[in-house]
Amino acid sequence: MDLLPSDQVLSKGVKLQRVMGHIQFVNVSFRYPSRAKTPVLDGINVSVQAHEVVAIVGLSGSGKSTLVNLLLRLYEPITGQTVIKFCSDMKAKRTVIVIARRLSTIKAADRIVVMDVGRITEMGNHTELLEKDGLYAKLVGAQTDTLA
């Protein structure tokens, strides 16, 4: 099922089956109608493979929830497309996208997507992202310091 850009706010939604397949955001950009000059997502390209657990993290306002809202078809992208390919094997484990405030809950995710100001800045697993010493490492460090 290809979900192409159309009106910003849908008057009639499409009920999706359980997502058990491949999800792609292809060059997705978005702005809320009430803030048309402020980009929320800017050229997002991310692919979530069937049966993969992907965590999306970032500071408040980085675009995490907006990305999921586009997936749920609450809004449509300004540019780009959201593609969902359903898997016919219903016995397979689910495709999961996680948005978590406590980073300790996502250490076991197959992949972590780090967002900042509407863009993807880093991608990898927990260990890879800590080794990069970028925004993810800073977020983990800040939460660790807060809990100590």
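All residue numbers in this chain count up from 1 along the given sequence. As the structure is a computational prediction, the values presented were derived from the model and not from experiment.
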Salt bridge (charged side-chain N to carboxylate O under 4.0 Å, His left out) pairs touching residues 121-134, sequence neighbours excluded, are none
So the ring-ring contact (aromatic ring centres under 6.0 Å, His included) pairs with at least one residue in residues 101-137 (sequence neighbours excluded) are His126-Tyr136
Quick note, side chain to side chain donor-acceptor pair (under 3.5 Å) partners involving residues 105-121, not counting sequence neighbours, are Asp42-Arg119, Glu52-Arg111
side-chain contact (heavy atoms from CB on, under 4.5 Å) evaluation trace for Val113 with Val57: CA-CA 6 Å; Val113 175; Val57 301; over 6 Å; no
Worksheet item: Within a strict 4.5 Å, meaning less than it, do heavy atoms of the Ile23 and Thr95 side chains meet?
Response: yes
Side chain to side chain contact (heavy atoms under 4.5 Å, CB included) filter on Ile99, not counting sequence neighbours, yields Ile56, Lys64, Val68
- prompt: So do the side chains of Ser47 and His22 get within less than 4.5 Å of each other, counting heavy atoms only?
  reply: yes
Linked, directly or transitively: Val98 and Leu135 (ILVMFWY side chains, under 4.5 Å): yes
Contacts of Asn45 meeting side chain to side chain contact (heavy atoms under 4.5 Å, CB included) (sequence neighbours excluded), chain-then-number -> Val26, Asn27
Sorted by chain and residue number, the side chain to side chain donor-acceptor pair (under 3.5 Å) partners of Ser62 (sequence neighbours excluded) come out as none
Quick note, ring-ring contact (aromatic ring centres under 6.0 Å, His included) partners involving residues 95-116, not counting sequence neighbours, are none
Check your understanding: Mind checking whether Phe30 and Ile44 have side chains closer than 4.5 Å, heavy atoms only?
Key -> no
